[in-house]
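Small disclaimer: the values here were computed from a predicted structure and weren't measured. Side chains are part of it too, since the values below use all heavy atoms of this structure and drop only hydrogens, waters and symmetry mates. Letters A, B, ... mirror the listed sequences (proteins, then strands); counts begin at 1.
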Amino acid sequence: MLNTSRPCQPQSGGFSFEDSRRNAVLEGNLSELGYSSPKARKTGTTIAGIVFKDGVILGADTRATDDMVVADKNCMKIHYIAPNIYCCGAGVAADAEVTTQMMSSNVELHSLSTGRPPLVVTVTRQLKQMLFRYQGHIGSSLIVGGVDVTGAHLYSAYPHGSYDKLPFLTMGSGAGPAISIFEDRFRPNMELEDAKQLVRDAIVAGIFCDLGSGSNVDLCIITQAGVQYLRAYDQPAQKGKKEGQYKYKPGTTAVLTKTVTPLPLDIVDESVQLMDTQ
Amino acid sequence: IMFATQVHGDNGKMKEYHYTGPVEHRFSPYSFNGGTVLAVAGEDFAIVASDTRLSEGYSIHSRDSPKCYKLTDTTVIGCSGFHGDCLTLTKIIDARLKMYKHSNNKSMTSGAIAAMLSTILYGRRFFPYYVYNIIGGLDEEGRGAVYSFDPVGSYQRDTYKAGGSASAMLQPLLDNQIGFKNMEGVQHLPLSQEKALQLVKDVFISAAERDVYTGDALRICIVTKDGIKEENVPLRKD
């Protein structure tokens, strides 16, 4: 939104709160009429992470909700930060996306400046300093995990700028169901297969017990050897099979007028990208 | 009619930032428990279907709480909205049916039940039952009948109607497939019981994909002159 009231003044950066009083009045007026102002889309999520024998495993569900309607059935909540560091994001979808992209960019520059591969603690410190600076207005809750020269680490960062360093973490609206699985079965220094199963089970608990989470389980396994990003590692909820055919014959939609304008163009390049019609 | 209900477990912690002064908090007597109901009327049958998920906020209370209630041998009602009011309302309807039977020595017809429900709901005009009702059954001539209500008793007879949380997703699909709306050059075949059943199952599969409150299982009640048959179909549980 351009600040057109005072175009000559230089932009001071950060958030402009000039419209907040007007917005509060509008919100009040709209609710009298029975409408509500548009809300930012939240991911309503289950994200989890554990530290195991060889590194860290991050897990996430794949449902993005617009209030209580599913907006995206297969979105990606595990974001790249560095070759050895990944981050799961919950809360406001746009905030999680942009915050992780900014961190990724900063961390790459920092790593080039220091001449050393990035540390997980660096990402967490920059993240929490930024989130605190915005006083909670950036509504993203993140779980950062990775393996660096000092070992395998797992941190969580909250919108107001606090962070935790723990061997296992869950966040999002499905954090409750997921943490109960971890509290029951987590042990330090688990083997890879056991650890994968545990994270998968925690995310599945969130998928079934939390209305804001659903669809598939994505896993990201980070070890000294490298990263394995397992998109759709598990699909515990299957779409029902429809019995009827719902195809329409050409001509079903009424064509009122038809105007054909031929464009004299040559095909230079042709590429095919498959749509996900599931 | 839209209700502004206090959503339990709202993650909207960001909202408290505009501190405009002392805020009065009030206990809300209502809560939204989700659920979708659907009724379709045919030539000699009626189908009432509902999902079986009972939720509150982001949690699930039960995966097996159907919203169809059998009233008489020829009438089934589907109620969704606030579960507390659904239970009380159905108890009141059952009691009134019994009273009518004892006074008039016959069962209430679908049309009579609909008219009575309208008065019961309007009786609470200033503290409404937060329930979206749809009655499905056979009328006096044995033809399928569907009556749809709003929370304060406005009602009308329909051929098909969807109510509850995913109603906005189901109704347009039914308008197209049963009402043949927005289609040209399509033969208007009368709706058979098999086609109606297939349609009901398929629309709920679609609703469960996109509405978080709809899922777990589908309970279908098929009302014919031979009685009421029940069918259960599993839905997505996430």
Which heavy atom of [X] sits nearest to which heavy atom of [Y], and what is that distance?
X	Y	value
B:Ile205	A:Lys241	CD1-O, 3.5 Å
B:Gln198	A:Tyr246	O-OH, 4.2 Å
B:Ser55	A:Leu211	CB-CD1, 3.6 Å
B:Val212	A:Val70	CG1-CG2, 4.1 Å
B:Asp202	A:Glu243	OD1-N, 2.8 Å

Note to self: Measuring from atom CE of A:Met68 to atom CZ of B:Arg210, what distance do you get when rounded to the nearest 0.5 angstrom?
What the structure shows: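 Going from CE on A:Met68 over to CZ on B:Arg210, the span is 15.5 Å.
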Checklist line | Heavy-atom neighbours of A:Tyr233 OH exceed 12 at 6.0 Å | finding: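 Check passes, neighbour count above 12.
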Margin query: Are more than 12 heavy atoms, taken from residues, nucleotides or ligands other than A:Phe132, located less than 6.0 Å from that residue's CZ atom?
Written below: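 Incorrect, the count does not exceed 12.
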Next item on the list: Identify the residues of residues 227-238 of chain B whose heavy atoms come closer than 4.5 Å to a heavy atom of chain A, ordered by number, or report 'none'.
Entry: B:Arg236, B:Lys237, B:Asp238
Checklist line | Contacts of residues 178-195 of chain B with chain A (heavy atom under 4.5 Å) | finding: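 Result: B:Asn182, B:Met183, B:Glu184, B:Val186.
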Extract all donor-acceptor atom pairs below 3.5 Å that involve side chains of residues 38-45 of chain B and protein atoms in other chains or at least two apart in sequence.
none

Next item on the list: Please identify each residue that fulfils salt bridge (Lys or Arg N to Asp or Glu O under 4.0 Å) with A:Lys242, with sequence neighbours left out.
Entry: none
Item checked: Beyond-backbone contact of A:Val69 with B:Tyr213, side-chain heavy atoms, under 4.5 angstrom -> no
Margin query: If I measure from the heavy atoms of chain A, does B:Asp216 come under 4.5 Å with its side chain, its backbone, both, or neither?
Written below: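 Looking at B:Asp216, nothing touches chain A.
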